[in-house]
Amino acid sequence: MKLGLAVGFALLIVLVGLAFYKFEKFLPSSTESHKPLSIADIQRLNQTKPVTSIDVYKSQRVLQLKHHDALIRSYPIRLGFDPIGHKQFEGDGKTPEGSYTIDWRNPQSAYYKSLHISYPNTKDNAYAEQHQKSAGGDVMIHGTVPKRATSFAASANYMPRKDWTLGCIAVTNADMDEIWSLVPNNTKINIYP
């Protein structure tokens, strides 16, 4: 009896360890939170200092909204699961680098809401074709919690510990609400290493 209990306990420890190894990147992180903007704050910013560009600093894991050179708002981000370097092919887990635009939005995104980044451009497509591969696409700024799980109270501020997307830029759902309200279509986005 004691041997069976010991084997069962050891098996349980191994299974928990494997689950932790596989899903540890999804554990919540302790990113600094900032005071959310009110609807009045968002309206005031849109009237007096509308967002003219987005700067993403991959190595710092930060997305900044700017009005010309003035910083409006800064958000922590998570990237593709293999974030170092420029996205070249579909499925490579990299987030693009370079200058693109926000060219459309999806209020029904699988990950809450999303803003589409205009990757791939002509140069990205040509490079992929040269290697007889697809450049991929559907690179977005989106929330971190799937739409079906947004009813949980803590979901709005959930941020995974590590990078996990297929090449997108993920922000908390609360931050996505602000970004959605502040960033118009055709806004330039600069993504730096």
Side-chain angles (χ1 to χ4, degrees), residues 25-26 29 31 46 50-147 150 158-193:
K25 65 184 169 189
F26 295 111
S29 71
T31 58
N46 282 333
V51 172
T52 56
S53 66
I54 302 169
D55 285 344
V56 174
Y57 298 93
K58 290 170 56 174
S59 62
Q60 296 172 8
R61 301 298 187 278
V62 68
L63 179 149
Q64 297 179 340
L65 302 183
K66 293 191 171 177
H67 173 73
H68 302 294
D69 290 332
L71 177 64
I72 301 297
R73 201 79 164 140
S74 185
Y75 305 95
I77 61 172
R78 295 297 178 263
L79 302 169
F81 61 85
D82 187 14
I84 297 173
H86 175 59
K87 183 168 193 62
Q88 297 175 324
F89 310 117
E90 182 175 8
D92 64 9
K94 297 187 181 304
T95 301
E97 296 172 359
S99 293
Y100 298 93
T101 57
I102 300 300
D103 55 359
W104 53 271
R105 57 189 59 224
N106 182 2
Q108 302 299 321
S109 174
Y111 281 92
Y112 191 54
K113 295 176 181 174
S114 61
L115 300 177
H116 185 262
I117 297 169
S118 63
Y119 173 89
N121 60 26
T122 305
K123 185 177 173 183
D124 297 321
N125 277 324
Y127 183 85
E129 286 175 18
Q130 184 180 20
H131 291 83
Q132 298 176 349
K133 294 186 177 185
S134 169
D138 287 338
V139 177
M140 310 276 197
I141 301 170
H142 61 65
T144 54
V145 177
K147 196 167 192 162
T150 56
Y158 167 73
M159 175 63 82
R161 185 178 301 203
K162 294 186 177 180
D163 296 320
W164 59 276
T165 74
L166 297 177
C168 295
I169 299 166
V171 297
T172 68
N173 286 9
D175 290 346
M176 190 65 225
D177 282 335
E178 288 185 9
I179 294 166
W180 180 272
S181 298
L182 291 168
V183 174
N185 286 353
N186 301 313
T187 299
K188 183 177 181 180
I189 179 169
N190 302 302
I191 306 172
Y192 302 100

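In this structure, the separation between OG on S134 and CD on Q88 is 13.0 Å, given to the nearest 0.5 Å. With rounding to the nearest 0.5 angstrom, the CD atom of Q132 is 10.0 Å from the CD atom of Q130. Note: T144 OG1 to I77 CD1 = 12.5 Å, rounded to the nearest 0.5 Å. We find the SG-CD1 distance between C168 and I141 to be 9.5 Å, quoted to the nearest 0.5 Å. Separation of atoms CD1 (I54) and CG (L65) is listed at 6.0 Å; rounding is to 0.5 Å. To the nearest 0.5 angstrom, L166 atom CG is 9.5 Å from T95 atom OG1.
Contact of the L115 side chain with the I189 side chain is not registered, since no non-hydrogen atoms from C-beta on lie closer than 4.5 Å. No side-chain heavy atom of N173 sits less than 4.5 Å from a side-chain heavy atom of Y158. Within the 4.5 Å cutoff, the side chain of Q64 has heavy atoms near those of the Y57 side chain.
The two residues V62 and S74 have their closest heavy-atom pair at CG2-OG, 3.0 Å. Contact detail for E90 and G136: the closest heavy-atom pair is CB-CA, 3.6 Å. Of all the heavy atoms in A128 and F89, the pair that sits closest is CA-CE2, 3.9 Å. Here the closest heavy-atom approach between residue D163 and residue G80 is recorded as CB-O, 3.4 Å. For the pair G143 and A170, the tightest heavy-atom approach, listed with the atom from each and the gap, is O-CB, 4.3 Å. In terms of heavy-atom proximity, P96 sits nearest to I191 at O-CG2, 2.9 Å.
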Indicate every side-chain donor-acceptor pair of residues 174-182 with a distance under 3.5 Å to a residue at least two apart or in another chain.
{"unit_1": "D175", "atom_1": "OD1", "unit_2": "H34", "atom_2": "NE2", "d": "3.1"}
{"unit_1": "D175", "atom_1": "OD2", "unit_2": "T172", "atom_2": "OG1", "d": "3.2"}
{"unit_1": "D177", "atom_1": "OD1", "unit_2": "Y112", "atom_2": "OH", "d": "2.7"}
{"unit_1": "D177", "atom_1": "OD1", "unit_2": "K113", "atom_2": "NZ", "d": "2.8"}
{"unit_1": "D177", "atom_1": "OD2", "unit_2": "Y112", "atom_2": "OH", "d": "3.1"}
{"unit_1": "E178", "atom_1": "OE1", "unit_2": "R73", "atom_2": "NE", "d": "2.9"}
{"unit_1": "E178", "atom_1": "OE1", "unit_2": "R73", "atom_2": "NH2", "d": "3.4"}
{"unit_1": "E178", "atom_1": "OE1", "unit_2": "Y75", "atom_2": "OH", "d": "2.8"}
{"unit_1": "E178", "atom_1": "OE2", "unit_2": "L37", "atom_2": "N", "d": "2.8"}
{"unit_1": "E178", "atom_1": "OE2", "unit_2": "R73", "atom_2": "NH2", "d": "3.2"}
{"unit_1": "S181", "atom_1": "OG", "unit_2": "D177", "atom_2": "O", "d": "3.1"}

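The main-chain N or O of H68 is found under 3.5 Å from a side-chain atom of T52 such that the two form a donor-acceptor pair. S118 contributes no side-chain N or O that, together with a main-chain N or O of Y100, makes up a donor-acceptor pair within less than 3.5 Å. A donor-acceptor distance shorter than 3.5 angstrom exists from the side chain of D124 to the backbone of N121, with no hydrogens or angles considered. Here the side chain of T165 pairs a donor or acceptor atom with the backbone of L79 at under 3.5 angstrom. In this structure, the side chain of K58 engages the main chain of P83 through a donor-acceptor pair within 3.5 Å.
In this view, D92 and K87 satisfy the salt bridge (Lys or Arg N to Asp or Glu O under 4.0 Å) rule, not counting sequence neighbours. Residues that satisfy the salt bridge (Lys or Arg N to Asp or Glu O under 4.0 Å) test with D55, not counting sequence neighbours, are K66.
Paired with Y119 under the rule side chain to side chain contact (heavy atoms under 4.5 Å, CB included), one option of M140, E97, H86 passes, and it is H86.
No side-chain N or O of N186 forms a donor-acceptor pair with one of T101 less than 3.5 Å apart.
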